[in-house]
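Have a look at the structure below, then the notes.
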Amino acid sequence: MTPDRVYAQSTGTGGEQLAVVPDWRSRWRMLIGKLHVVSTDQDQQVLLDKLSTAGRPITVAFVNAHAMNLAARDEVFFQHLMEADVLLRDGVGMRILMRMLGTAPGLNMNGTDFIPLLLDGFQERSVAMFGTTKPFLEAAAAALRERGRALPVTLLDGFQPQAAYLQVAGHVKPELVVLGMGMPKQEGVAAELRSAMGFPVVTVCGGAIIDFLGGKVTRAPRCVRLLGLEWFYRLCLEPRRLFGRYVVGNPAFVARALLVALGR
């Protein structure tokens, strides 16, 4: 087993202290242990109610097979996930991994289904969307208006420097921020918003949610989603962009999952 690495970290007072960087197996176990498992629809509603009445900055993030692969090689991304207040299990790969480790996986809490429900709890409240490109941002905002959901008051594309999102959020003070920049950028922005905002705000890492709402990306048919194969549907639609994530990433995830399970 690869040992944890130890490095010198500045204390901010001119000295140094030793900090331990966990190896990827330890990171995976820590992420599994941090997951907020939602077992029933009632549990999900309790979580939605809690988020819609939060009195402090809260970050919601999702962990799927791609996130686990990134966390295995990116220490900063791993730390951003660990800093999230609510970490949710997303995808069939995570369900299989959790069962291999003897942990109940609960419901599949993918952002594409969960975030529209979260938006329902922010009717007539200040909402911001940061991510994707301008045409799809505007289309997503229009789609929400048509559905009678929250009206985003602030739109900013996903290709701005991190400071731009902090500046806009600090000025507008939204109660909900939906990030649609993809991993690992959105988790980094969420971590900065959580630490910098001095007012109650829920920041949710949504991946492709704005593209889905704006019509850039279509959902798989329900029967495909129920089989846990939406990833394959998306791969067929965007093979060049998603080849590395799924064709290369899925076997890597399975191999790591087996190593972690055997290491129990």
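None of the values given here were measured: they were computed from a predicted structure.
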How about [X] and [Y]: do any of their side-chain heavy atoms sit closer than 4.5 Å?
X: Val60; Y: Asp85; value: no
X: Tyr165; Y: Gln186; value: no
X: Val189; Y: Met181; value: yes
X: Arg241; Y: Arg234; value: yes
X: Gln44; Y: Met109; value: yes
X: Val86; Y: Leu47; value: yes
X: Arg56; Y: Val201; value: no
X: Ser126; Y: Val172; value: yes

Could you report the tightest heavy-atom contact between [X] and [Y], atom names first, then the distance?
X: Gln123; Y: Asp120; answer: CG-O, 3.1 Å
X: Val127; Y: Leu119; answer: CG1-CD2, 4.1 Å
X: Ala257; Y: Leu97; answer: CB-CD1, 3.7 Å
X: Leu31; Y: Ala71; answer: CD1-CB, 3.7 Å
X: Ala54; Y: Pro200; answer: O-CB, 3.7 Å
X: Arg27; Y: Pro22; answer: NE-O, 2.9 Å

Exercise. What do the steps show when you test Thr203 against Leu179 for side chain to side chain contact (heavy atoms under 4.5 Å, CB included), and what is the final call?
Worked result: CA-CA 7 Å; Thr203 302; Leu179 301 178; 3.7 Å; yes
Exercise. Partners of Phe114 by ring-ring contact (aromatic ring centres under 6.0 Å, His included), sequence neighbours excluded?
Worked result: none
For a quick check under 3.5 Å, do [X] and [Y] share a side-chain donor-acceptor pair by atom type?
X: Gln45; Y: Asp41; value: no
X: Arg95; Y: Asn108; value: no
X: Asp23; Y: Ser26; value: yes

Assigning hydrophobic clusters by single linkage (Ile, Leu, Val, Met, Phe, Trp, Tyr; side-chain heavy-atom cutoff under 4.5 Å), is [X] placed with [Y]?
X: Leu118; Y: Phe62; value: yes
X: Val247; Y: Phe253; value: no
X: Met68; Y: Leu242; value: no
X: Val202; Y: Leu117; value: yes
X: Met98; Y: Met82; value: yes

Whether the side chain of [X] engages the backbone of [Y] through a donor-acceptor N/O pair (distance < 3.5 Å, no angle test) should be reported.
X: Asp74; Y: Leu70; result: no
X: Glu230; Y: Ala220; result: yes
X: Asn64; Y: Gly91; result: no
X: Arg89; Y: Gly106; result: yes
X: Thr103; Y: Arg99; result: no
X: Lys34; Y: Ala84; result: yes

Spacing of [X] atom [atom1] and [Y] atom [atom2] [to the nearest 0.5 Å]:
X: Leu35; Y: Met94; atom1: CG; atom2: CE; result: 5.0 Å
X: Lys173; Y: His171; atom1: NZ; atom2: NE2; result: 8.5 Å
X: Leu51; Y: Leu176; atom1: CG; atom2: CG; result: 9.0 Å
X: Met197; Y: Ser195; atom1: CE; atom2: OG; result: 8.0 Å
X: Asn110; Y: Arg225; atom1: CG; atom2: CZ; result: 8.5 Å
X: Phe130; Y: Lys185; atom1: CZ; atom2: NZ; result: 11.5 Å

For this session: Take Asp211 and Leu213, measure what side chain to side chain contact (heavy atoms under 4.5 Å, CB included) needs, and give me the verdict at the end.
Result: CA-CA 6 Å; Asp211 286 332; Leu213 293 173; over 6 Å; no
Exercise. Is the CD atom of Gln167 crowded by more than 12 outside heavy atoms at less than 6.0 Å?
Worked result: no
Exercise. Step by step, would you call Leu144 with Met129 a side chain to side chain contact (heavy atoms under 4.5 Å, CB included)?
Worked result: CA-CA 12 Å; Leu144 291 178; Met129 283 187 173; 3.2 Å; yes
For this session: May I ask you to list the residues sharing a hydrophobic cluster with Val76, side-chain cutoff 4.5 Å, ordered by chain and number?
Result: none
Problem set entry | Within 45° cone of Phe122 ring axis and under 6.0 Å: Arg125 NZ or CZ | yes
Problem set entry | Centroid-centroid distance, Trp28 to Phe78, less than 6.0 Å | no
For this session: May I have all residue pairs that pass ring-ring contact (aromatic ring centres under 6.0 Å, His included) and include part of residues 215-250, sequence neighbours excluded?
Result: Trp231-Tyr246
Exercise. Are Met100 and Val260 close enough, and set up right, to give a side chain to side chain contact (heavy atoms under 4.5 Å, CB included), and what steps lead you there?
Worked result: CA-CA 9 Å; Met100 290 169 66; Val260 170; over 6 Å; no
